[in-house]
Asks: 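My questions all concern the structure below.
Lettering of chains follows the sequences in order, A, B, ..., and the numbering in each one begins at 1.
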Amino acid sequence: MNLTHAILAALLYIVAAPVLAGLLAGVDRIISARMQARIGPPLLQPFYDLFKLFQKERIAVNKTGHFFLLGYLLFTIIAGVEFFIGGDLLIVIFALALGSVFFVLGAFAAGSPYSHIGAERELIQLMASEPMLILSAMGFYVATGSFQVHDIWSRPDLLIVILPGMFAGLVYVLTIKLRKSPFDLATSHHAHQEIVKGITTEFSGPYLAVIELAHWYETILLLGFLYLFFAPWPWLAVLALAAVYFLEILADNTNARLYWQWVLRSSWIFTAVAGAGNLVVLYYLSRGGTP
Amino acid sequence: MANRTVIPFGPQHPVLPEPIHLDLVIEDEHVVEAIPSFGFIHRGLEKLAEKRDFTEFTFVAERICGICSYIHGMGYCQAIESVMGLEIPERAKWLRTMWAELSRMHSHMMWLGLLGDAFGFENLFMAFWRVREGLLDIIEETSGGRVIFGAAKVGGIRRDVPDDLLARIPAQLAKIEAEMRPITDVFRDDFSVRQRLCGVGVLSQKDAYDLGAVGPVLRGSGVAVDTRLEGYAAYDRVQVEPIVESDGDCWARAMVRIREVYQSFEILKQVLPNVPAGPVDMKVTGAPNGEFFARLEQPRGEVIYYVKGSGKKQLDRFRVRTPTFANIPPLLKMLQGCQLADVPVIVLTIDPCISCAER
Amino acid sequence: MNAPVQRYVEVQPDALLEAVRAQQLTGSRLVQICCTKLAGFELTYSFARAGAFDHVRVQIPDNTVKVPSISPIYSCSFAYENEIHDLFGLSFLGLNIDYKGTFYKTTIPAPMVGTPVCGAPAPKDKGAHGE
Amino acid sequence: MTKHPLKMTKVALENLFQKPATVPYPAVRKPVYAATRGRIAIEEAKCILCLICDKKCPTGAIKVDRPGKTWAIDRLLCIQCGYCVEVCPKKCLGMENLYSPPVSAKAMDVVNVPFTPPPPKPKPPPASATPAATPAPEAGKE
């Protein structure tokens, strides 16, 4: 990928990701509402919410927290850009993790106990989801011999066939990353938790919008991750992603929030069984395959 | 060593939409002690009784609480009637029973939804509230109000319900019952729900009794006390069995309420066809002179109305002991040793109505 | 009606704990404590068990007299006793959890004593003006 | 009593393919019932300014001005109990089953009453006439 292409891809991601994710959030809210037998908001409601948040008064409990939030947004965008220009998968994962750490630090910066509890919950969620993300990078490497996203998506064979466990594992932690029940410990998009969610307690108007925006960038990046499994067949990929997202919404609407212990334990077990298991099988297959 | 922190819980923070403040002493995510504070919205309603005409005070009594409103009004009237020795008409007694049960059902349904919300199950919350709408429609059609019935009156009831309407209600109730089955099954069977409720906030049978718990909290811990058995209104002529669960945890309390809703359907099946014809109120002359403690079963538990009059239009003393008030000491017991994430759920399982606890 | 007959047992303040303990021995639970301002204060402790609903009643001449707390017998009585302390200004001896007047944070101390606070004239015959 | 961990999934999927239970308020409104307590209305032609509703209103929402010949109600204070309707001797008050429209400021709804009280004492209305007949000045209730 040459430089012009890279810059174009980066710009496209920066501009299109929030639009796409916002629309997705709108669809999410309508489907959620229908599952709850409600009419639900209009499709563009997430955008209305975002613009409204940007217009709200800035009340700062602690300015440092805001700095960290910008870090969250910035590093999430960097992770996304790195991914969509076909860069190094490891850098993507680390930048994404760094972004989340900034978010946690932002919440820790305020003195409120709620904010601290929320930040601790978010850290636990990071601990639960990060191993699977790193493992998936290893899976891609073993399968394709490269950490470069560009190399991975330009391969002609369908990676889902050899990495089904990785895919399942990623879908599992996607529930954590998308903040869906039963794994919505630190924050969620449920009507009641909109105000109550711990980690964002001490942030106001525009900063909440920044968090939402960063979350949107993150969502598109994670869906991009899943896209890699189906890269040669774009239509199948779109269908699979839609199915995955629908399952996430369904899970959100049919589960209670579980304890953090449960989230951590189950996601690690799932990572170990599906992710690491897949890796081991793949490793032996590739060893056995090469003469 | 374990790190102790104090987490302030409520009332400004909307974790729990009730004006109670709990200082939670936390040791590694476990609650060691909970210290409540009240008095954020104390309204002095008991004092207000000393300046209102005793018949007019019915309106105030009905507004002690927004959810168990009807039984508050009815209990107040019952206390006054007992002091004055009034025997109200039969039709009024049966209609009171009907409304009391409708009120219990809608309160329990609301609570079940709120409990779902407390553990982050948004869909369950919406589902119960949706089904509850059907009950509110019946209430509105019969009494004119959706949550504040406005139907209580010293000496009977304020409005009659036409017989053709009474004949239509059973079909509506049957529809609601059918809609309810699948979602109450969720409470009973769903994996994630059971994870959050079973074994959480256990209150032993002895503690429940000794600490003066009432209503579903007491029955959830295996004590069969139900004030409806005392047979006020028309309860002496319908079949009422106390609903008892033995586990004493949050799940048991939820089960008690679910089964009570179904029990209310059964009670209404006995009540509706048996409402006798006749007048619904009687003329009340004079003023109460004497005292009486009336006990009724509210959705939240046993409630006490004390009325003392000395032959004047204004009462000397009116007191109501709401079930939430009696359930506070057991709540503090339940909270000890629970996880932080369980606090909203446990607080909710006493069905707190702090506003009505602070008359 | 199959409601039990309500019995009132009038006791002296120093015999209160004894009467309450007698109730506990019968296996009753504490239903409520009610304070009424008459010439003095009338405290009614209600107890219920299957088929019985009893009231133990004491007269407290004025709020300088300390009332023995029944919280050693019924530990849940702290809620009622703190309430009575905050609304009527009575003090209790030996309270297990004493809020020291912060249970209800009212603007007027002991608002339930004396004339109605809302502005309407009180019934004339009540000689109960705020202490 | 079988354990079925996915009960809610069935409910959610059923809901997804059914008509929503909610209505797009305020474009569509729920039907009201004949008994619904909505708002107090007055037939001013029948009113005799007897002040009973003013005296009996539990929240003091109704203010009747005899010399000024007006009947007024504070819609935000009114609790829709319908007590005034019950006590009105001329049955000129009624409970409409429509709700009061939303307002952005507190205001009294004032109605001019055409009734002219006869110069001597007006004929006392039947029920609890004594307090109403005495032309009490605006009782400062609260």
Asks: Count the heavy atoms belonging to other residues, nucleotides or ligands that lie under 6.0 Å from NZ of B:K283, then report whether that count exceeds 12.
Replies: no
Asks: Heavy-atom distances under 4.5 Å only: say whether D:K30 touches chain B with side chain, backbone, both or neither.
Replies: side chain
Asks: Heavy-atom distances under 4.5 Å only: say whether B:L165 touches chain D with side chain, backbone, both or neither.
Replies: neither
Asks: How about B:R130 and D:N15: do any of their side-chain heavy atoms sit closer than 4.5 Å?
Replies: yes
Asks: With a 3.5 Å distance limit and no angle check, can you tell me whether B:R158 reaches the backbone of D:E86 through a side-chain donor-acceptor pair?
Replies: no
Asks: OG1 of D:T9 to CG of B:N123: how many Å apart, nearest 0.5 Å?
Replies: 9.5 Å
Asks: Indicate yes or no for a side-chain donor-acceptor contact from D:R37 to the backbone of B:F149 under 3.5 Å, with no hydrogens or angles considered.
Replies: yes
Asks: So which of B:V193, B:D137, B:V161 has the largest heavy-atom pair count under 4.5 angstrom toward chain D?
Replies: B:D137
Asks: Which heavy atom of D:M8 sits nearest to which heavy atom of B:A127, and what is that distance?
Replies: CE-CB, 4.4 Å
Asks: Check D:A35 against B:E140 and note the closest heavy-atom contact, atom names and distance.
Replies: CB-O, 3.9 Å
Asks: Please classify the contact between B:T55 and chain D as side chain, backbone, both or neither, with a heavy-atom cut-off of under 4.5 Å.
Replies: side chain
Asks: Please find the pair of heavy atoms, one from B:R63 and one from D:I79, that lie closest to each other, and give the distance.
Replies: NH2-O, 3.1 Å
Asks: Quick check on D:K46: does its NZ atom have over 12 non-hydrogen neighbours (other residues, nucleotides or ligands) under 6.0 Å away?
Replies: yes
Asks: So for B:R146, is it side chain, backbone, both, or neither that comes closer than 4.5 Å to the heavy atoms of chain D?
Replies: side chain
